[in-house]
Amino acid sequence: MGKNEKMVQAITSREEDFSRWYTDICLRAELCSYSSVKGCIILRPYGYGIWELISCELDRRFKETGHQNVMMPLFIPEGMLQKEKDHVEGFAPEVAWVTHGGDEQLAERLCVRPTSETLFCDHYADIIESWRDLPKLYNQWVSVVRWEKTTRPFLRTREFFWQEGHTAHATEEEAVRETLDMLDLYAEFYQNALAIPVLRGLKSESEKFAGAVNTYTVEAMMHDGKALQAGTTHYLGDGFARAFDIQFTDKDNTLRYIHQTSWGISSRSIGGIIMVHGDDDGLILPPAVAPYQVVVIPIAAHKQGVGEKAAELVDRLKAAGLRVILDDSDRMPGWKYAEYEMKGVPIRLEIGPRDIEKGQCIAVSRDNREKRELPLDQAADLVPSLLEALHDRIYQKAKKSMESRIYDVESWDRFVETMEKTPGFIRAAWCGSEDCEAKVKEETTATSRCIADAKVPGSSSCVVCGKPALHTVFWGKAY
RNA sequence: CGGGGUGUGGCUCAGGUGGUAGAGCGCUUGGUUCGGGACCAAGAGGCCGCAAGUUCAAGUCUUGUCACUCCGACCA
């Protein structure tokens, strides 16, 4: 009744207008605000809190695998950016330039980094001499700028936050291994930290990173069936090394070019969290990256003992290492429920006079709204298992949702029809020609998302032209 | 960059044929409340996106511009 009406009024429903639902969440959950520069968003404390936790989760994994953090400058001299031909061509259209310092025009204009391959290369050329200097396993946490034409919060902003890993290796094998290892790390991160299932695979020639030999990707499916490129790892070969003359003396005393990789996950992943897990009442955050895993709401806080018991509960939860917020403001309880649901806080604990009599509190899970009574003295021990269960549920739900919308298609007519009528991915064979790929894009607006590891059983001819197929490809419309 | 939509207190919007700005919600203070978005009372808050133009007079008409938003082309 009144309840439902008001809750639906708060944000647009996903059914009604998914795009608007998305922006409503970003603003209403206070993840971000628009700034006065188009395409540049302000990360508010709650949104930044999520990014901080994403960073922590990833950074821990990077450190565990031997990577070190560094910081490169914000600017790239024009000449440096232009050293690798494919790379410049790929990025030139969206580069922002600094032309003046004060009133004086610069002798050479400076590009605001759209990515830092060239900066790392320039540095590597400086510090790498011997095989003993390798590998270099560097990463940096920075923002980069790409002057996009159309922008959306998190999904496509002109300035975005990310990590970019850049590694240098003595051999191709080692660099390729790093590229694949980081892809696995990304997939594991998405599953275990963000509860988002991903497909992984190789990008086609036309979709790969400018300057890379190979680009690998993790692709996630959003609630509306569209794909989100959630992270990429690139095997750069020795092309950059040749362009920047990065050589080392190998064990056999011969000069060799290094082999490089780069890989990144951006603040776009926050958009993924929203569009995979969110519902019509707001966000649903995976516990690992929820700024508050638990909200404690005292009921009738003015009544005797309630405030004290609530504070005590919060202390216990915090002592157990949980991220907890106490809302003892004089809002109505119902208002608070809706508010923290909007913000996607995984677990809500209600504690009122009736509970205190029974020595318990009520736990409500954000995703399914299931209520459970928790004895106060066991709450801190039980909440972690509630969080784990929530993580598993939202992961399984997302996984089923994705798997149920992957369609195996063998004919072109079916391909067009499926892409038009049923949102999701199509798994279909491909001959490898760019013409066929271009035709798909032209006629369906879908793109090849990635080349799957395994071939599709049974289908061996290209879904577009009918010639013998080389690959099985996932196709989809993408953000 | 093409096509559509929208810009008026913090938010959602109202302001026929031009005459110097309103409502609801929110906010502040005090009080009563509190198990799914409470109530009473008293307050604060707006050069109407920006810039030109027409006019005695522009939120209102003209032109330009900017921002947001949606749909396409390009990208994480």
Side-chain angles (χ1 to χ4, degrees), chain A residues 1-10 12 17-24 26-28 33-41 90-95 114-115 143-164 186 203 206-210 215 217-220 227-234 262-272 281 297-303 306-307 327-342 348-356 361-362 364 369 371 373 441-442 445 447 477-479:
Chain A
M1 15 223 67
K3 163 187 155 189
N4 281 331
E5 279 167 34
K6 278 187 179 164
M7 284 186 180
V8 191
Q9 272 169 7
T12 313
D17 185 340
F18 191 71
S19 293
R20 203 170 146 198
W21 168 85
Y22 176 80
T23 25
D24 280 354
C26 290
L27 300 174
R28 288 290 319 279
S33 281
Y34 291 110
S35 76
S36 48
V37 177
K38 178 185 167 72
C40 297
I41 55 173
F91 282 99
E94 45 187 357
V95 160
T115 179
S143 67
V144 290
V145 168
R146 299 182 188 176
W147 215 250
E148 300 290 347
K149 308 210 156 119
T150 55
T151 59
R152 302 190 63 190
F154 299 114
L155 297 174
R156 180 167 299 106
T157 48
R158 283 180 173 170
E159 178 187 26
F160 60 87
F161 305 90
W162 76 346
Q163 57 71 212
E164 44 178 324
Y186 281 171
K203 282 288 187 188
S206 63
E207 293 285 327
K208 77 178 188 188
F209 177 76
T215 290
T217 180
V218 284
E219 300 278 327
L228 187 75
Q229 182 172 309
T232 46
T233 73
H234 315 291
S262 67
W263 25 274
I265 279 183
S266 73
S267 42
R268 169 182 258 195
S269 54
I270 295 174
D281 294 324
I297 299 180
I299 308 294
H302 59 287
K303 289 192 178 150
V306 175
D327 188 342
D328 56 358
S329 69
D330 59 3
R331 299 279 194 187
M332 301 303 289
W335 189 94
K336 295 178 185 175
Y337 300 164
E339 183 66 14
Y340 293 98
E341 278 165 9
M342 167 70 65
R348 172 175 88 231
L349 296 181
E350 305 167 15
I351 178 163
R354 293 211 296 269
D355 299 308
I356 290 167
C361 61
I362 307 287
V364 185
R369 299 226 180 144
K371 293 197 176 187
E373 297 174 349
K441 192 165 184 179
E442 227 169 88
T445 76
T447 50
K477 297 179 185 177
Y479 275 98

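In the text below, chain A, chain B and the rest are named by the order of the sequence lines, each starting its count at 1.
- Distance alone, capped at 3.5 Å, is enough to place a donor-acceptor pair between the Thr23(A) side chain and the Ser19(A) backbone.
- Residue contacts shown for Pro114(A) are absent, as no nucleic acid heavy atom lies under 4.0 Å away.
- Here the separation of G26(B) from U12(B), taken at their P atoms, is 15 Å to the nearest Å.
- Minimum atom distance to the side chain of Arg28(A) is reached by G37(B), of the listed C70(B), G37(B), C75(B).
- Judged purely by atom type and a 3.5 angstrom limit, Ser35(A) uses its side chain to pair as donor or acceptor with the backbone of Cys40(A).
- Of the two residues near RNA chain B, Lys38(A) and Ala230(A), the one whose nearest nucleotide lies more 5' is Lys38(A).
- Comparing the P positions of U6(B) and C13(B) gives an interatomic distance of 11 Å, to the nearest angstrom.
- Atom C1' of C11(B) sits at a distance of 14 Å from the matching atom of G46(B), rounded to the whole Å.
- Between Phe160(A) and Trp162(A), the distance separating the two ring centers is shorter than 6.0 angstrom.
- As judged by a 4.0 angstrom heavy-atom cut-off over every strand, Leu155(A) is placed among the base-contacting residues.
- As a whole-Å value, the separation of Arg156(A) CZ from G72(B) C1' is 13 Å.
- Dashed line: the shortest gap from a side-chain N or O of Arg158(A) to OP1 or OP2 of C75(B) is not under 4.0 Å.
- Remark on RNA chain B: of its neighbouring residues Glu159(A) and Ser35(A), the 5'-side contact belongs to Ser35(A), judged by nearest-heavy-atom nucleotide.
- One interatomic measurement links the two molecules: CG of Asp24(A) to C1' of U6(B), which rounds to 15 Å at whole-angstrom precision.
- Within the 4.0 angstrom heavy-atom criterion, no nucleotide atom of any strand lies near Lys203(A).
- Backbone-only contact: Ser19(A) has heavy atoms under 4.0 Å from sugar-phosphate atoms and none from a base.
- Comparing C1(B), A67(B), C75(B) by their closest approach to the side chain of Glu148(A) singles out C75(B).
- Among the protein residues, Ser33(A) comes within range of no part of the nucleic acid, since none of its heavy atoms lies under 4.0 Å from any strand.
- Between the P atoms of G31(B) and G37(B), the separation comes to 25 Å (whole Å).
- Regarding Glu339(A), its CD atom lies at a distance of 12 Å from the P atom of A38(B), rounded to whole Å.
- Nucleotides U60(B) and G3(B) have their C1' atoms positioned 27 Å apart, rounded to a whole Å.
- Using a 4.0 Å cut-off between charged nitrogen and carboxylate oxygen, Arg369(A) and Asp281(A) count as a salt-bridge pair.
- With both ends at atom P, the span from C27(B) to U54(B) equals 46 Å, rounded to whole Å.
- Looking at heavy-atom distances under 4.0 Å, Gly39(A) makes contact with sugar-phosphate atoms alone, never a base.
- Between the C1' atom of A73(B) and the CD atom of Glu94(A) lies a distance of 14 Å, rounded to the nearest Å.
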Report all interatomic pairs (protein N or O, nucleotide N or O of nucleotides 27-35 of chain B) with separations under 3.5 Å.
{"residue": "C27(B)", "atom": "OP1", "partner": "Arg331(A)", "partner atom": "NH1", "Å": "3.4"}
{"residue": "C27(B)", "atom": "OP1", "partner": "Arg331(A)", "partner atom": "NH2", "Å": "2.7"}
{"residue": "C34(B)", "atom": "O2'", "partner": "Ala300(A)", "partner atom": "N", "Å": "2.9"}
{"residue": "C34(B)", "atom": "N4", "partner": "His302(A)", "partner atom": "ND1", "Å": "2.4"}
{"residue": "G35(B)", "atom": "N7", "partner": "Arg354(A)", "partner atom": "NH1", "Å": "3.3"}
{"residue": "G35(B)", "atom": "O6", "partner": "Gly352(A)", "partner atom": "O", "Å": "3.3"}
{"residue": "G35(B)", "atom": "O6", "partner": "Pro353(A)", "partner atom": "N", "Å": "3.3"}
{"residue": "G35(B)", "atom": "O6", "partner": "Arg354(A)", "partner atom": "N", "Å": "2.8"}
{"residue": "G35(B)", "atom": "O6", "partner": "Asp355(A)", "partner atom": "N", "Å": "3.2"}
{"residue": "G35(B)", "atom": "O6", "partner": "Asp355(A)", "partner atom": "OD2", "Å": "3.4"}
{"residue": "G35(B)", "atom": "N1", "partner": "Asp355(A)", "partner atom": "OD2", "Å": "2.4"}
{"residue": "G35(B)", "atom": "N2", "partner": "Glu350(A)", "partner atom": "OE1", "Å": "3.0"}
{"residue": "G35(B)", "atom": "N2", "partner": "Asp355(A)", "partner atom": "OD2", "Å": "3.1"}

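- Among G37(B), C1(B), C70(B), the nucleotide with an atom closest to any side-chain atom of Ala338(A) is G37(B).
- Comparing C48(B) with A21(B), their P atoms sit 10 Å apart, to the nearest whole Å.
- As judged by a 4.0 angstrom heavy-atom cut-off over every strand, Tyr22(A) is placed among residues making no nucleic acid contact.
- A donor-acceptor contact under 3.5 Å is formed by the side chain of Thr150(A) with the base of A73(B).
- A straight line from CE of Met342(A) to C1' of C11(B) spans 13 Å, rounded to a whole angstrom.
- Between Lys149(A) and G72(B) there is no side-chain N or O to OP1 or OP2 distance below 4.0 Å.
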Show me the side-chain donor-acceptor pairs of residues 143-156 of chain A shorter than 3.5 Å, one per line, residues at least two apart or across chains.
{"residue": "Ser143(A)", "atom": "OG", "partner": "Glu159(A)", "partner atom": "OE2", "Å": "2.7"}
{"residue": "Arg146(A)", "atom": "NE", "partner": "Pro114(A)", "partner atom": "O", "Å": "2.8"}
{"residue": "Arg146(A)", "atom": "NH2", "partner": "Pro114(A)", "partner atom": "O", "Å": "2.8"}

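- Nucleotides G7(B) and G15(B) have their C1' atoms positioned 15 Å apart, rounded to a whole Å.
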